[in-house]
Each structure stands twice: as structure tokens, then as C-alpha cells.
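Here the structure comes first, spelled out in C-alpha cells, and everything after it is commentary.
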Protein chains: 2
Amino acid sequence: MSIDHRSGCPINLSLEVFGDRWSLIILRDMIFGGKRHFRELLNGSLERIASNILADRLKRLMELGMLTRADDPTHKQKAIYSLTEMAITLVPILAHLGAWGRVWLPVSEELSIRAELLEKGGPPMWEKFMDELRHEHLGTPSDTPPDATVRATLQAGYEAVVARKAPGTGCDPRA
Amino acid sequence: MSIDHRSGCPINLSLEVFGDRWSLIILRDMIFGGKRHFRELLNGSLERIASNILADRLKRLMELGMLTRADDPTHKQKAIYSLTEMAITLVPILAHLGAWGRVWLPVSEELSIRAELLEKGGPPMWEKFMDELRHEHLGTPSDTPPDATVRATLQAGYEAVVARKAPGTGCDPRA
DNA sequence: CGAAACCGATTGCATTTTGCAATCAGTTGC
DNA sequence: GCAACTGATTGCAAAATGCAATCGGTTTCG
């Protein structure tokens with residue numbers, strides 16, 4: 001990478017990294033959905049990414065330093081993708097993006113509850129979430145119990161909305 | 001517009017709006033560069049957008065409700081593009097995007113000074129800047145003197161860096 | 001052992017988007 | 001009257017995207 005940039009403007013360079021329709025979707029699913037494997041990303045997202053595009057973007061994001069890839073010890077063919085610090089620090093941007101979209105675009109209620117909680121939590125919650133991601137993806141120590149994580153909080157909020165909208169079904173349509 | 005969205009996720013919908021290589025560049029030039037006319041946007045940006053792409057994006061951003069177009073009373077052919085509130089509230093996202101790019105990407109010093117100042121100013125500065133944009137583009141009242149605007153502050157910072165890097169030339173290469 | 005499911009991709013191909021240069025018709029300033 | 005400028009438009013090649021089928025290998029389960 002790092003060839004022929006259009007300009008040295010920070011906003012332009014950021015767009016050159018994830019100014020397309022899929023890169024941030026993949027990172028969103030890894031950050032908020034906890035997805036780590038190719039198949040999880042392929043089948044898990046609502047937007048139905050094609051497998052060749054997913055492969056291309058994973059490769060590209062690795063070249064850009066946003067992801068790393070490691071072998072899964074439990075399965076000789078499985079690969080585990082991890083976020084780098086570079087990708088983890090996108091959390092505030094994703095939080096703002098979600099907050100903006102929630103105001104101006106036709107979001108669905110159950111999918112925007114996470115954005116709402118993350119917006120209300122503000123920078124302290126984002127910091128806590130980034131620490132959790134560092135623990136998950138970079139192996140840094142953490143003292144947060146697994147049931148008090150930000151991701152669990154967001155997930156609980158999501159399930160509460162789903163339960164309220166379709167009471168009694170008890171189903172959990174997360175991917 | 002507002003047809004066949006990939007999903008109701010706020011982040012996905014935001015990407016459907018400006019998840020391409022040019023839309024945010026145009027908005028950046030309008031917000032930070034004060035560009036209002038087609039030719040200013042065409043010739044002013046460092047990234048050299050093509051005229052057909054610019055025309056397409058302006059049309060698209062109008063359809064999405066991010067821009068409005070008005071006739072310029074001083075020139076029968078001239079059009080003035082204005083930001084809507086929807087676009088003005090992108091300021092925090094652009095600030096974060098600039099801050100992130102400044103940390104992780106090979107930005108040039110003179111082009112990143114604005115991002116640095118905007119980051120250091122924090123949300124209060126962003127609010128002030130959005131108020132100035134509302135005054136400029138929406139005609140709302142404002143009590144900020146023209147020489148104390150956020151844009152003037154950012155521009156002064158930029159010129160200070162340029163002057164320091166090429167002392168004595170006195171040139172002003174802004175577009 | 002053997003079939004089925006699953007693993008991360010890859011291939012081929014049609015469609016869409018982009019990038020680039022040339023050009024348009026009308027307006028303005030000199 | 002003429003050159004410069006206005007917001008675009010057109011034609012065309014190249015690249016990106018979307019989609020379905022498929023690949024060689026691994027694991028699971030009966």
C-alpha cells in the first residue's frame with residue numbers, strides 16, 4: 001500500500017482507507033458483532049456481502065494494517081481475524097456515524113438501539129469498549145467481568161427491543 | 001431515493017449516503033473551504049475530481065437532502081450550493097475522521113494542522129463552527145465577528161505552518 | 001470407513017461505477 | 001465581437017461490484 005495518494009489531507013486519506021461500501025461494514029461486524037471468522041462475516045451480516053468481496057476486503061484491510069490473521073488452533077483450515085489498535089480506535093467514529101444515521105436516516109428501531117446506547121454512554125463508554133476490544137484482540141489484560149462488557153450491554157438492549165416488539169416468541173434472531 | 005436499502009442499521013445507512021470516495025470530499029471543501037460554486041469545487045480541491053463525477057455527486061447529495069441549490073443573483077448561470085442541517089451535523093464526524101487519519105495515516109503537516117486545531121478545540125469548537133455554518137448556509141442569526149470565526153482560526157493555523165516551512169515567500173497557495 | 005457439512009477462499013461473467021478528455025450552449029467582461 | 005467563464009453533458013475505456021458456482025482440504029458424525 002501507501003502508494004499514489006490523492007492528497008495528504010487526513011480526511012482524504014481516511015476515505016482512501018474505508019471510503020467504500022463494505023470495509024466499515026466488516027469492521028462493524030467484528031467490533032460490535034464479535035465476528036472473527038470468514039464464514040461468520042460472510043453469513044452473519046444483514047447486508048449479504050459476496051464472498052469474493054469479503055476476501056478482497058479482508059486482504060486489503062490486512063495490508064493497510066487494520067487487521068491481522070492467525071491460524072485457529074482448533075481447526076487447521078480456520079483463520080482468526082483480529083483488530084489492530086488502528087481499527088479499535090475507529091470506535092468513536094462508528095459511534096458518531098451511528099448517532100448521525102439515527103437522526104437523519106430511516107433506521108430500524110431494533111438495529112439502532114445499540115447506536116443509541118453507545119451515544120448515551122459517550123466517550124467513557126467508548127473507552128471502556130475499546131479496552132475490551134484490546135483485551136479480546138490484542139491480549140492485553142482486563143479486569144471487566146464477562147457479563148459486564150459493553151458489548152453485552154448493547155446486546156441486552158437489542159434483545160429488549162426485539163422482545164418488546166414481538167413479545168412471547170423468545171426467539172433470538174442475532175446472526 | 002430511499003429505495004432498497006441493504007439494511008436499517010445506522011452505520012450501513014450512513015455508508016449508503018457517503019460511503020464512496022468523493023461525497024465527503026465535496027462536503028469537506030464546502031464546510032472547511034467555504035466553496036459554494038461548481039467551479040470552485042471542481043478546480044479547488046487537491047484531489048482533482050472529474051466534472052461528471054462532481055455533477056453526479058452534487059445531484060445525489062441534493063436528492064439525499066444534504067445540499068440545496070439556488071440561483072446566484074449576480075450571474076444568471078451561477079448556482080450556489082448550500083449545506084443543509086443534515087450536512088452541517090457531519091462536523092463532529094469529520095473532526096473525528098481527521099483526528100484518526102492524523103494518527104494513523106501519512107498526512108502532510110500543512111494539511112493536518114486544521115484537523116489538529118479542530119481536535120484540540122473539541123466539541124465546543126465544533127458547536128461554534130456548526131453555528132457559523134448555519135449562519136452562512138441557512139441564514140440564521142449570528143453574533144460572531146467575521147475575523148473570529150472558526151474557519152478563520154483554522155486558516156490562520158494553516159498559513160502559519162506554510163509560512164514556517166517556506167519563510168519569506170509570503171505566498172498563499174489556498175485554492 | 002464414508003458421506004455430509006464446513007473451511008477460507010477462487011473463478012468466470014454480466015452489470016455498474018469510475019476516471020478522463022473533449023465538448024456543450026449560454027453569460028459575462030472587456 | 002470575442003475571449004473567458006458558467007454549470008454541466010457526452011463518449012469511451014478501465015476498474016469495481018454483484019452473483020453463482022466451485023475448489024481442495026478438514027472436520028463431524030453415524
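No experiment lies behind these values; they were computed from the predicted model shown. Labels below follow one simple rule: chain letters A, B, ... track the order of the sequence lines, proteins then strands, and each chain is numbered from 1.
Contact annotation: side chain of Gln77(A) to base of dG8(C), donor-acceptor pair absent below 3.5 Å.
Here the P atom of nucleotide dT10(C) and the CG atom of Leu42(A) are 14 Å apart, to the nearest Å. Taking atom CZ of Arg6(A) as the reference point, atom P of dT18(C) lies 11 Å away to the nearest angstrom. Ile49(A) has its CD1 atom 15 Å from the P atom of dA20(D), to the nearest Å. In this structure, Leu54(A) places its CG atom 13 Å from P of dT17(D), rounding to the nearest Å. Between the CG atom of Asn52(B) and the C1' atom of dC24(C) there is a distance of 14 Å, rounded to whole Å. The distance from atom CD of Glu40(B) to atom P of dC5(D) is 14 Å, rounded to the nearest whole Å. Atom CD of Glu16(A) is separated from atom C1' of dG19(C) by 15 Å (rounded to the nearest Å). Atom CZ in Phe38(B) sits roughly 16 Å away from atom C1' in dT27(C) (whole-Å rounding).
For Trp22(B), no side-chain nitrogen or oxygen approaches OP1 or OP2 of dT17(C) to under 4.0 Å. Considering only side-chain N and O atoms, Arg21(A) lies nowhere under 4.0 angstrom from the phosphate OP1 or OP2 of dT17(C). Phosphate proximity of dG8(C) to Arg39(A): present, with a side-chain N or O under 4.0 Å from OP1 or OP2. Under 4.0 angstrom from either OP1 or OP2 of dG8(C) there lies no side-chain N or O belonging to Arg69(A).
Along DNA chain C, the nucleotide nearest to Ala55(A) and the one nearest to His75(B) differ in position, and the one closer to the 5' end is contacted by Ala55(A).
Nearest nucleotide to the side chain of Ala79(A), out of dT27(C), dT26(D), dG8(C): dG8(C). Comparing dG8(C), dG7(D), dC20(C) by their nearest atom to the side chain of Ala50(B) picks out dC20(C). When each of dA22(C), dT27(D), dT10(C) is scored by its nearest atom to the side-chain atoms of Ser51(B), the top-ranked nucleotide is dA22(C).
Closest heavy-atom contact between Thr153(A) and Leu117(A): O-CD1, 4.0 Å.
Taking the six-membered ring for Trp and thresholds of 30 and 60 degrees, His96(A) and His96(B) have ring planes inclined between 30 and 60 degrees apart.
Judged by the 6.0 Å and 45° rule, Arg28(A) forms no cation-pi pair with Trp22(A).
Using a 4.0 Å heavy-atom criterion, one finds that Arg48(A) contacts no nucleic acid atom at all.
Qualifying salt bridge (Lys or Arg N to Asp or Glu O under 4.0 Å) partners for Arg48(B), counting only residues two or more places apart in sequence or in other chains: none.
Checked by atom type, the side-chain pair Thr89(B)/Trp104(A) shows a donor-acceptor distance below 3.5 Å.
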